Amino acid sequence: MKKTTPPRKLHRGHFAFMRALAQGVEERAAWDRYLRLEGEHVDLRTVRRTVAWIRDAFAAAARREQKPGTARLILLDAERFTATPALPSLAEFAQAQGMEDFSEAEQIEAYEAAFPQGGGAAGPARARGGAQPSRRARVIERQLEALHWLESLVAQDPRPGDSVAAWLHPALAERLERAGLATLSALVLHINDAGARWWANVPGVGEHKAARILDWLHANEQVLGLRIGVHAARRRAQLGPAALTEVVPPATALVPYEKFVLPPGLDGRDGSARAPRQACRLSAANDHDAIGAWLLAKGGGVAKEPLSATQRSYRKEAERLLLWAVLERGKAMSSLTREDAAAYRAFLARPPVAWCGPRHHQRWSPMWRPLEGPLTPVALRQALVILRSLFAFLTSQGYVTGNPFDETPLPSQAGQPLGTNRTLSFAQWDHIDARLRAHGDTEAGRRLRRGMHWLYATGLRLAEIAGACCGDLRLRQDATPGDGSEPPVWLLTVTGRAGGRREVPVALALIEDLEEELARHGFDRRVDAPANRDVPVLARFDTGAEHPAAWSSSGLYQAIKAFLARVAQDLDASDAEHLRKASTHWLRHTHGAHALQGRAGRAPLPLAVVQNNLGHALPSTTRMYAAKRRPA
């Protein structure tokens, strides 16, 4: 069945544009002011088709009102009518003829003799008033009157439920409809959800077309009753914390922990598992506060932002449980039973679609969701272990009487080496490395190459490499023989998850590459020079700032994901799918597996060295990498 396209509607901009043309405003200026949404003025075919459509639509509306004369008048081109030469005023004529001292009657008599075409009964009046209106001017005046009459009759204001095809250029509307944005309300909702780059996932709508759409929506914001958020009009880098905080208001909905409003009766004040108040050693008034106290304890009892990686991981699991308890189970978190814990385990294995979304949507975004999809057995086990820890803490502090998760069965990990299915083979890494070395010689390209090489060579966590500075590097002098027969040994001091510090060896090639970048941007070449102390290892030198800022963890993560997706295009289906799933943490797993197993020309590293690199508390954790089948 053929799709029926709704007719386009006439809005006030169409009338304003045609009035401007009738009054002699240059076409390009009128177009850019009133009809920029239709396309660029340089596209003359679009301009001509649009002007023809407007004229025809105006004339059709006039005919519907039984005004055929008005229809013909609107279609007239006033340029066809030559303007009558302007006549001088009576005063100008008298001055030119030296008749200033003559009486007015004598001046009029001479005027009518000089300009017989201006004579007749109205001659004196026209002589006093000046030039006679031209036929062209009369046509324009009548056209303007007709346009005002027609505008009051047929011009419409857009409404939220209107089809985009009713108001936007047909080609542009078709692209939006193909992306599922068929109405103005759906379009505004998508823009507010996705932010300034909302157009990136709408094929055929680039930055310039998106800007024209935003201009039109802003101009019609009041009549539409749909507001475009500040965050959708400016790039993410231009938005401060206050602006981002306002994007999603606090609510009892799928929002992050810090925005989640506990409804009365489900806030945990009267939770069925609450311990006697006099026994509680927490000042928490409700379940939200209790989670906050637990996160504070996980940070060493110090309240600070941003949260550590450990606190973020723990917040994620507590957040999911709190949302599920209230929104899905209809219970306070402090009322959960062992049966609820079993139901939650099943929920994590098969969450509803509405709970899932891509990881890259940040916590301020309306598109943020608590889950990406069903948890893998490893992730599910980790989530349940963390929730056991949460309730163990709350029980020990006298907030609740028991732990509903203490008997929830954990997924088995027998025979499952650490990093299974999240490790790159030697061949895959070699292919990635070759593409890295051929990557563009730009500041961003070199920074990406540096970041991936450091992650693979050291096994550092994402937050650890993002926070590393040149001042954390030192040359171990006692390991450098005087004859220079062996390369110097560099050590990077790293602060781990629990606040413990360790020194990780760094290959000389990585140091030399970093020194080359420092010198390129006017810094002292020596990485350990005092002036370089606060320069991040993954510094962003392209910002133009006097002191370069560190590349953020999220920026590094997204850049690596995008690069691996491009590299995947060169591989066969199975390798390509593997690489598209890969992330920064995969490089850490790959370091552990490759370092312990060794390869041709490179001996395996001792277990203790790899354990130190990865920051594992127990050697048994590191040894699990060796259990994995040797990568091809």
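All figures in this text were calculated on a predicted structure; none of them were measured in a lab. We count residues from 1, following the sequence as given.
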Problem set entry | Flag if over 12 foreign heavy atoms under 6.0 Å of CG, Asn201 | no
Exercise. With Asp267, which residues qualify under salt bridge (charged side-chain N to carboxylate O under 4.0 Å, His left out), at least two apart?
Worked result: Arg269
Exercise. Where is the tightest heavy-atom contact between Leu254 and Ala354, given as atom of each residue plus distance?
Worked result: CD1-O, 3.4 Å
For this session: Using the test salt bridge (charged side-chain N to carboxylate O under 4.0 Å, His left out), find all partners of Asp472 that sit at least two apart in sequence or belong to another chain.
Result: none
Problem set entry | Asp287 and Tyr399 side chains, donor-acceptor separation under 3.5 Å | yes
Problem set entry | Under-4.0 Å salt bridge between Arg274 and Asp270 | no
Seminar exercise, completed: d(Lys316 NZ, Ile386 CD1) to nearest 0.5 Å is 7.0 Å
Exercise. Just how far is it from atom CZ of Arg566 to atom CD1 of Ile432, taken to the nearest 0.5 Å?
Worked result: 12.5 Å
For this session: Before giving the answer on salt bridge (charged side-chain N to carboxylate O under 4.0 Å, His left out), spell out for Glu464 and Arg502 the whole-Å C-alpha distance, their side-chain angles and the decisive distance to 0.1 Å.
Result: CA-CA 11 Å; Glu464 291 172 347; Arg502 68 187 192 278; 3.0 Å; yes
For this session: Give every residue pair that meets the salt bridge (charged side-chain N to carboxylate O under 4.0 Å, His left out) criterion with at least one member in residues 578-589, sequence neighbours excluded.
Result: Glu577-Lys581
Problem set entry | Gap separating the CG atom of Leu380 from the CG atom of Leu348, nearest 0.5 angstrom | 6.0 Å
Exercise. In terms of the angle between their ring planes, are Trp198 and His190 parallel, tilted or perpendicular, with boundaries placed at 30° and 60°?
Worked result: perpendicular
Exercise. Under the salt bridge (charged side-chain N to carboxylate O under 4.0 Å, His left out) rule, what pairs show up with a residue in residues 364-375, not counting sequence neighbours?
Worked result: Arg359-Glu372
Problem set entry | Contacts of Phe391 that satisfy ring pair (Phe, Tyr, Trp, His ring centres under 6.0 Å) - sequence neighbours left out | Phe405
Exercise. Which heavy atom of Val610 sits nearest a heavy atom of Gly592, and at what distance?
Worked result: CG1-CA, 4.1 Å
Exercise. For Arg449 and Asp433, what are the C-alpha separation, side-chain angles and deciding distance, and is it a salt bridge (charged side-chain N to carboxylate O under 4.0 Å, His left out)?
Worked result: CA-CA 9 Å; Arg449 181 164 55 240; Asp433 190 33; over 6 Å; no
Exercise. Can you find a side-chain donor-acceptor pair between Tyr625 and His591 that sits under 3.5 Å?
Worked result: no
Exercise. Quick one: do Arg388 and Glu317 make a salt bridge, cutoff under 4.0 Å?
Worked result: no
Problem set entry | Arg281: partners by side-chain contact (heavy atoms from CB on, under 4.5 Å), with sequence neighbours left out | Gln397
Problem set entry | Qualifying residues under side-chain contact (heavy atoms from CB on, under 4.5 Å), relative to Ala275, sequence neighbours excluded | Thr401
Exercise. Which pair of heavy atoms, one from Gln428 and one from Thr423, lies closest together, and at what distance?
Worked result: OE1-O, 4.3 Å
Exercise. What are the two closest non-hydrogen atoms of Glu503 and Leu491, and how far apart are they?
Worked result: OE1-CD1, 3.4 Å
Problem set entry | Contacts of Pro548 that satisfy side-chain contact (heavy atoms from CB on, under 4.5 Å) - sequence neighbours left out | Phe523, Val535, Ala539, Phe541
For this session: Would you check if there is a donor-acceptor pair between the side chains of Thr495 and Arg501 at a distance under 3.5 Å?
Result: yes
Problem set entry | Test ring pair (Phe, Tyr, Trp, His ring centres under 6.0 Å) applied to His288 - qualifying residues, sequence neighbours left out | Tyr257
Problem set entry | Partners meeting ring pair (Phe, Tyr, Trp, His ring centres under 6.0 Å) with Phe260 (sequence neighbours left out) | none
Exercise. Got a sec, which residues hit ring pair (Phe, Tyr, Trp, His ring centres under 6.0 Å) with Tyr557, two or more places apart in sequence or on another chain?
Worked result: none
Problem set entry | Closest contact, heavy atoms only, Ala457 versus Leu510 | CB-CD1, 3.8 Å
Exercise. Once you round to the nearest 0.5 Å, how far does NE2 of His453 lie from OG1 of Thr458?
Worked result: 12.0 Å
Exercise. Do His616 and Thr622 get their side chains close enough for a donor-acceptor pair, meaning under 3.5 Å?
Worked result: yes
For this session: Any chance you could measure Leu181, atom CG, to Ser163, atom OG, to the nearest 0.5 Å?
Result: 11.5 Å
Exercise. Got a salt bridge between Glu258 and Arg363, using NZ or NE/NH1/NH2 to carboxylate O under 4.0 Å?
Worked result: yes
For this session: Working to the nearest 0.5 Å, report the span between OG1 of Thr408 and CG of Leu410.
Result: 8.0 Å
For this session: Would you please name every residue forming a side-chain contact (heavy atoms from CB on, under 4.5 Å) with Glu328, sequence neighbours left out?
Result: Trp324, Phe347, Trp355
